[in-house]
Amino acid sequence: MKLNAKIPEGKLEEKWRNYQLKSKLINPANKKKLNVIVVGSGLSGAGAAATLAELGYNVQCFCYQDSARRAHSVAAQGGINAAKNYQHDGDSVWRMFHDTLKGGDFRSREANTYRLAELSAPLIDHFTQQGVPFAREYGGVLANRSFGGVQVQRTFYARGQTGQQLLLAAYSQLYKMIRAKKVTMFPRTEMLDLVVIDGRAKGIIIRDLVSGEIKRYVADAVVLATGGYSRVFRLSTLAIGCNGSAIWKAHKKGAFFAAPSFTQIHPTALPQSSETQSKLTLMSESLRNDGRIWVPKKKEDTRKANDIPEEERDYYLERRYPSFGNLAPRDIASRAAKERIDNGHGVGRFRNAVYLDFKHAIERLGLETIKDRYGNLFKMYKKITGVDAYKEPMQISPAAHFSMGGLWVDYELMTTIPGLYAIGECNFSDHGANRLGANSLLQASLDGYFILPNTINNYLASEENRAPVDTNHPAFVDAEKKIKGDIEHILSINGNQTVDHFHRELGKVMWQNCAMSRNQAGLESAIEQIKKIKKAFWQEVKITGHSQELNTELEKALRLADFIELALLMCTDALQRDESCGAHFREEYQTKDGEAWRRDKEYTYVSAWEYTKDYFKLHKEELDFEFVKPTVRSYK
Amino acid sequence: MKVRFKIWRQDSPIDKGSFKVYEVDGLNPDMSFLEALDHLNEKLVLRNEKVIAFDHDCREGICGQCGVFINGRAHGPHENTTTCQLHMRSFEEGKVIVVEPWRAKAFPVIKDLIVDRSAFDRIIEHGGYISAKTGTASEANAIPVGKDIAERVMDVAACIGCGACVATCKNSSAALFTSAKINHLNSLPQGKPEEHQRVLDMTAQMAKEDFGHCTFTGACEVECPEGISINNIAEMNARFLKAKLFR
Ligand SMILES: Cc1cc2nc3c(=O)[nH]c(=O)nc-3n(C[C@H](O)[C@H](O)[C@H](O)COP(=O)(O)OP(=O)(O)OC[C@H]3O[C@@H](n4cnc5c(N)ncnc54)[C@H](O)[C@@H]3O)c2cc1C
Ligand code: FES
């Protein structure tokens, strides 16, 4: 199968307009007859569901939480980027496009990345209209701050709760359309399989998480908006329920999975403090605007931070990357931290952290300014660690955070299964091998509000006159039967280990071998270890309770079963790519001073994996750089 | 660290439910409260017992999904925190920790510590939005909003919808929750065109659900993880009167 990204003709700045001019329209009377399933109620899902409903489609929206308002978009703290150039600091659509493409280490499509930048400004208008209380200047205009990997100020924010405010706006629009009877919402519902009929996505199988009932839903198109899958590492900044199940099931039904191993490790999370820990808390990257990162020059230094004199501190980011300093992009900042920690300079009880210090910022700007900018983050830090970061530096550590990888989609956000779309974090589209901070609230929102509602017509126009299918179709019956069988099977194993036990094992293997730095031997051994975990899981897992009730252990087990398989693909992908790019750092491919060695001649393509019964089959989407010449990505 | 959990167990909405006591060993003070429950649940599985069902997701105090009564207080012993942000260091070695679900008629128990808070969604459904379609916005800076207003709006917009206000109120009133959304949207120029209808519709829906009336005891603002002030309820009431008069 040849992958066709369907990139429109024309100059970069004309592509999206050209696309819209040519795409098919559907008359309003017919839209009323078309049904769309949206799985997910985060920024991408809620935005899409509300907007599709406004356009006249009937929408069914699903989420696993008890309310749409709790999708993990809610947890984003730092902000959302837009090329508004309000600061008059030389920003433009082109610059934002270029920053994003370079930030992603030239492993994303020019056309998609350009569209991201192009539509960013109207998105801020849109959210302001919906009532998002963005931070303001005294004169009443919107305020900005800077984020990593960029030299202009283009990030809009609502205190440290930007994701929450954007999501609540999207959620309110969703409920507006629920009231209008154009959207039906299904909370506490988990998608367990995709139904494909005659090669087209036609519905889903779900489990009602309260009653345990398995049900079938049919539609003319299915949109997956299920978020990131970094919980595969177990310890991550994602919510406990975040999963890869929906996209994994779609993958098994034929949707190609692109760049599965491209995972962003965030440099500023709180370090792990015990074996039983369930998640890692992110401290917003915005802290790096004013905080300075350092470790003691001396190895295994046991002195308290405040007792270490200035000349014995190594501000390693400022040292290695003088022009970006503490605002070096995430992949680089995380790797630099790992390098210092591995070399014995780590701090904290487990020597797994580095310092993030506000002393100089407080001296320079005053305590009040720092409180105004980061007050809630300092408060959160204190709640969790018991430490007052106005008085001593924070301890931070890298953590799994964001999946650049996801289902392969074309310019229309359609996967390789006709009628199946993937939007938001669960697709692979705009971020290449590394996402820039504050670009993913943007991507999720744009996918949902602006892009999908303009591209889905093109497909649905061809579905208008197709004979309708219903849920009695054998494909539905079979899919349901299989799910029920899987559930009864997993419950009947009745082994002697908990689900969490296996998840911890999987997390360790993935964190050691498929995170910040990777090598051939490690990945090969990881694949063997994961196969063993898979085998053990299916022989020894123990789940109490039954299937016809609210059963949180069963939910976890089903998600983990998919994570284990996904982990195999991630390692396979990382092993196949014999180069370093962005967050994918293969130890064999580095420059003399330890920077990523990208091999453009061999690897300027997106890896898109097909699921077959016996192995993962690689397809390549060659990346064509027509407008920007890939350069060595340097932040020095 | 060792504690004794006394936890509400209720198999289904129709089950009567009762407390059960669990001795839990092997905890450490840096564990979060929910991690202690995870730990207990793993033990229960290995003892062939059903796990304790509780709601949670983000585990960083922002999604609002967690929330239980701990020793008689919503979200536990500290003010203005969520259950997921509570750590075992807040409890004494060997002590009993009583854990119950939110108790309110409008929040029926689904299982163990999980309740149904969909009444909140229905309140939002009845006007907790600005009726503007995607694609119709004008330039964001065309309408200035003073920094003080933006900050005040953010204070109320921060509500995480956990339901602690309802659970802690002796009348089970949802006034703090509802007022936070009304005051958020009605304070902004973008929310003005619908301000009166919004107050009337949202408060009407609040009355329809099984929430009680607010008698200004002030319990809600103490437990609210976002520290949303009870003054908002007075402000909502004023807006309500205005809406009645001027609509
Ligand atoms: C802690 C944190 C901080 C962040 N900060 C920033 C930031 O400052 N700026 C920025 O730009 N980005 C940030 N990000 C990234 C950004 O928040 C996410 O990439 C983005 O919000 C994802 O949105 P989404 O709509 O794709 O998915 P989500 O918001 O995660 O929504 C997923 C939805 O899918 C549903 N779902 C999942 N699986 C299933 C299933 N099997 N069945 C049914 N429903 C399902 C869930 O219920 C949920 O409704 C941050 C991420 C994290 C974790
Ligand atoms: S789990 Fe999200 S607020 Fe506690």
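Computed from a predicted model, the values in this text were never measured in an experiment. Naming convention: chains lettered A, B, ... in sequence-line order (proteins, then strands); numbering from 1 in each chain.
Among Leu188(B), Leu46(B), Asp38(B), the residue with the largest count of heavy-atom pairs under 4.5 Å with chain A is Leu46(B). Contacts with chain B were tallied for Gly131(A), Gly545(A), Ala180(A); Gly131(A) has the most, counting heavy-atom pairs under 4.5 Å. The greatest number of non-hydrogen atom pairs below 4.5 Å with chain A, out of Val51(B), Ile110(B), Asp121(B), is found for Asp121(B). Of all the listed residues (Gln497(A), Gln130(A), His546(A), Met185(A)), the one sharing the greatest number of non-hydrogen pairs under 4.5 Å with chain B is Gln130(A). Per-residue heavy-atom pair counts under 4.5 Å with chain A were compared for His78(B), Glu151(B), Lys181(B), and the maximum is reached by Glu151(B). Of all the listed residues (Leu123(A), Leu55(A), Leu550(A), Thr281(A)), the one sharing the greatest number of non-hydrogen pairs under 4.5 Å with chain B is Leu550(A). No other option in Gly191(B), Ala150(B), Gly161(B) has as many heavy-atom pairs under 4.5 Å with chain A as Gly161(B). Contact tally against chain A (heavy-atom pairs below 4.5 Å) for Ser138(B), Gly128(B), Ala53(B): the top residue is Ser138(B). Highest contact tally toward chain B, considering only His126(A), Gln161(A), Arg159(A), is held by Arg159(A) [criterion: heavy-atom pairs under 4.5 Å]. Heavy-atom pairs under 4.5 Å with chain B were tallied for His501(A), His72(A), Gln65(A); the largest tally goes to Gln65(A). With chain A as the partner, the residue from Cys159(B), Ser187(B), Ala142(B) showing the most heavy-atom pairs under 4.5 Å is Cys159(B).
Summarising the local packing, NZ of Lys383(A) is surrounded by more than 12 heavy atoms from other residues, nucleotides or ligands at distances under 6.0 Å. More than 12 non-hydrogen atoms from other residues, nucleotides or ligands lie less than 6.0 angstrom from NZ of Lys192(B). Enclosure of atom CZ in Arg152(B) is not indicated, since only 12 or fewer non-hydrogen atoms of other residues, nucleotides or ligands lie within 6.0 angstrom.
Between Arg179(A) and Tyr129(B) there is a side-chain heavy-atom pair separated by less than 4.5 Å. In this structure the side chain of Pro133(A) reaches within 4.5 angstrom of the side chain of His184(B), judged on heavy atoms. A heavy-atom distance below 4.5 Å is not found between the side chains of Val45(B) and Ile543(A). Using a 4.5 Å heavy-atom threshold, the side chains of Ser278(A) and Arg59(B) count as touching.
Of the atoms belonging to Val210(A), it is side-chain heavy atoms, and not backbone ones, that fall under 4.5 Å from chain B. Heavy atoms closer than 4.5 Å to chain B are found in both the backbone and the side chain of Asp66(A). Heavy-atom distances place no part of Asn186(B) under 4.5 Å from chain A, backbone and side chain included. Only the backbone of Glu137(A) comes within less than 4.5 Å of a heavy atom in chain B; its side chain stays farther off. Looking at Ala158(B), the atoms closer than 4.5 Å to chain A (heavy atoms on both sides) sit in the backbone and in the side chain alike. Only the side chain of Arg349(A) comes within less than 4.5 Å of a heavy atom in chain B; its backbone stays farther off. Within the 4.5 angstrom heavy-atom criterion, atoms from both the backbone and the side chain of Met154(B) approach chain A. At a 4.5 Å heavy-atom cutoff, the contact between Thr136(B) and chain A is made by backbone and side-chain atoms alike. Heavy atoms closer than 4.5 Å to chain A are found in the backbone of Ile143(B), but not in its side chain. Looking at Val115(B), only its backbone comes within 4.5 Å of chain A, counting heavy atoms on both sides. Proximity to chain A (any heavy atom under 4.5 Å) is restricted, for Asp11(B), to the side chain, taken from C-beta onward. At a 4.5 Å heavy-atom cutoff, the contact between Glu49(B) and chain A is made by backbone atoms alone. In this structure, no portion of Ser118(B) lies under 4.5 Å from any heavy atom of chain A. Looking at Ser73(A), there are no atoms closer than 4.5 Å to chain B (heavy atoms on both sides), in backbone or side chain. Neither the backbone nor the side chain of Asn454(A) comes within contact range of chain B, judged by heavy atoms closer than 4.5 Å. Only the backbone of Phe134(A) comes within contact range of chain B, with heavy atoms under 4.5 Å apart. Residue contact with chain A, scored on non-hydrogen atoms closer than 4.5 Å, involves the side chain of Asn28(B) exclusively. Proximity to chain B (any heavy atom under 4.5 Å) is restricted, for Leu168(A), to the side chain, taken from C-beta onward.
With Glu42(B) as the fixed residue, the salt bridge (charged side-chain N to carboxylate O under 4.0 Å, His left out) test singles out one of Lys542(A), Lys556(A), Arg504(A): Arg504(A).
Between the side chain of Arg70(A) and the backbone N or O of His56(B) there is no donor-acceptor pair closer than 3.5 Å. Although no hydrogens or angles enter the test, the distance criterion places no donor-acceptor pair under 3.5 Å between the side chain of Glu60(B) and the main chain of Leu238(A). With Gln173(A) contributing its side chain and Ile130(B) its backbone, the two residues share a donor-acceptor pair below 3.5 Å.
One finds a salt bridge joining Arg188(A) and Asp55(B) here, because a Lys/Arg side-chain nitrogen approaches an Asp/Glu carboxylate oxygen to under 4.0 Å. Looking at Lys279(A) and Asp57(B), no side-chain N of the basic residue comes within less than 4.0 Å of a carboxylate O on the acidic one, giving no salt bridge. Taking a cutoff of 4.0 Å between a charged side-chain nitrogen and a carboxylate oxygen, Lys50(B) and Glu553(A) do not qualify as a salt bridge.
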Might you work through the salt bridge (Lys or Arg N to Asp or Glu O under 4.0 Å) test for Glu139(B) and Lys84(A), ending with a clear yes or no? CA-CA 10 Å; Glu139(B) 160 57 39; Lys84(A) 280 279 197 189; 2.9 Å; yes
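Annotation for Leu142(A) and Ala140(B): closest pair CD1-CB, 3.6 Å, computed over non-hydrogen atoms. Here the closest heavy-atom approach between residue Ala137(B) and residue Gln129(A) is recorded as CB-OE1, 3.5 Å. Minimum heavy-atom separation, Asn141(B) to Arg136(A): OD1-NH1, 4.5 Å. Across every non-hydrogen atom of Tyr171(A) and Phe120(B), the tightest pair is OH-O, 4.4 Å.
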